[in-house]
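FYI, side chains are in, hydrogens and waters are out, and symmetry mates aren't considered; it's all heavy atoms of this structure. Note that the structure is predicted; figures quoted are calculated from it, not measured. In listed order, ligands and their atoms are each counted from 1.
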Amino acid sequence: MSHVIAVDPAQPDDATIRRAAELIRAGQLVAFPTETVYGLGANALDARAVASIFAAKGRPAKNPLIVHVADAAGARSLVRAWPPAAARLAERFWPGPLTLVLPKRSVVPDIVTAGRGTVALRVPASNIALALLRAANCPIAAPSANPSGRLSPTRAEHVRAALAGRVALILDGGPTRAGIESTVVDLSHSPPQILRPGPIPPSDIAALAGPLVDQPIAGAPFGDASAGLPAPGMLDRHYAPRAALYCCDRDLERRAAAALAAGNRVGVLVITPRDLSPSPGLIIEAMPREPAEYARLLYDTLHRLDAAGVDVVLVESPPTGDAWWAIRDRLQRAAHDEERD
Ligand code: TXA
Ligand code: MG
């Protein structure tokens, strides 16, 4: 069994942090909260420890990990170049939900970066994560603490349910604030490119880093192949619940009725009120109209529907545009591929 210890995110208990740091130094895995999602951490400079992250998650070896550091100086010690755009973005957004991809130094083991010449770095905005990084006094490689391909965890309970026994210690700092994974920006070539949309919108990145690689921002409707072109580095294709998830627009009521009639338990995520008749097999989740609030609740809601044994999740397509890009990206990756049915 994995040990779970509650930690006050406002004032992390020293003894608990010391214990977690000792485990990291000893090559063990520790799950901890960040402001985005929970991470599954190991000493980033210890190739054996990092290998156990891949094993615990069942993560393909070709998918590189994000390395967490306590501050920008920690990041600079791991990279060969620190361009002005990196300095400006780090100054403005760290600690925070921004990951920068830069040319790596050889001290970063190849297993961390899946053999790439670049490393992804971020300073998390969580007192628990920062206290752990300082106490361990080493960079911590940490992907989201979920089995590969599944939903990222926004609560310690999600980690325990999915990875119990595979992690030495879980630090429980309560639900995470941002609710979806960090924005990943590749600064290793010019112009910079967003590899994964996240809480920090592209306009904020471009304001400090200059024009970005032109990308299909979430303007196209779901089902339009051009909307989902995978960027390099976007190997995490799905962040999927157990239930089959579909995004729909006008036909949501009809599809809910059909799924219920076929004997399914159905969950729906709606932003606008709908005319859905109550049914014992139907769970209606009213989602916030504000994108940051929606993001904070998205995985949590999907985890809850999974736990309730829902077979089908129908999601009202969120609005298009910059502010909803990250949410539409996650929904698209979570969506059931109807072609494969
Ligand atoms: O918010 C987050 O970023 C969370 C918390 C725990 O920090 N972490 C997270 O890690 O989402 P993970 O491993 O689930 O996602 C890492 C993403 C993947 O899409 C991976 O392909 C990309 O970052 N990535 C990592 N290193 C890269 C590199 N050198 N070049 C390009 N993409 C990279
Ligand atoms: Mg992940």
Sub-3.5 Å N/O-N/O distance, Arg196 and ligand 1: yes

Parallel, tilted or perpendicular: ring planes of His158 versus His303, cut at 30 and 60 degrees: parallel

Per-atom contacts, ligand 1 versus Asn63 - under 4.0 Å to a heavy atom: 18 (C), 20 (C), 21 (O)

Atoms of ligand 1 close to Thr36 [distance to a heavy atom under 4.0 angstrom, numbered from 1]: 1 (O), 2 (C), 4 (C), 5 (C)

Ser152 near the Mg ion (ligand 2) via N/O/S, less than 2.8 Å: no

Contacting atoms of ligand 1, where contact means under 4.0 angstrom from a heavy atom of Arg116: 28 (C), 29 (N), 30 (N), 31 (C)

Heavy-atom closest contact (Val107 atom, Ser77 atom, distance): CG1-O, 4.3 Å

Ligand 1 contacted by Thr113 (non-hydrogen, < 4.0 Å): no

Interatomic spacing from NZ in Lys104 to OG1 in Thr113 - rounded to 0.5 Å: 5.0 Å

Distance filter under 4.0 Å to Ala120 heavy atoms, resulting ligand 1 atoms: 25 (C), 26 (N), 27 (C)

Ion pair Glu290/Arg296, N-O distance below 4.0 Å: no

Electrostatic pair Arg196-Asp329, nearest N-O below 4.0 angstrom: no

Over all atoms of both residues, closest heavy-atom pair of Ala178 and Pro199: CB-CG, 4.2 Å

Heavy-atom nearest neighbour of atom 8 (N) of ligand 1 within options Gly39, Ala142, Ser188: Ala142

pair Asp306-Leu302: side-chain heavy atoms closer than 4.5 Å: no

Those atoms of ligand 1 less than 4.0 Å from some heavy atom in Ser144: 8 (N), 9 (C), 10 (O), 12 (P), 14 (O)

Residue pair Leu40 / Lys57: nearest heavy atoms and the distance that separates them: CD2-CG, 3.9 Å

Salt bridge present between Asp71 and Arg134 (N-O < 4.0 angstrom): no

Whether His68 lies under 4.0 Å from ligand 1, heavy atom: yes

Those atoms of ligand 1 less than 4.0 Å from some heavy atom in Val101: 30 (N)

Those atoms of ligand 1 less than 4.0 Å from some heavy atom in Ser182: 1 (O), 2 (C), 3 (O)

Any N/O pair Arg122/ligand 1 closer than 3.5 Å: yes

N-O pairing of Arg19 and Glu22 below 4.0 Å: no

Winner among Glu181, Arg59, Gln193, Lys62 once heavy atoms are compared against atom 13 (O) of ligand 1: Arg59

Contacting atoms of ligand 1, where contact means under 4.0 angstrom from a heavy atom of Leu195: 31 (C), 32 (N)

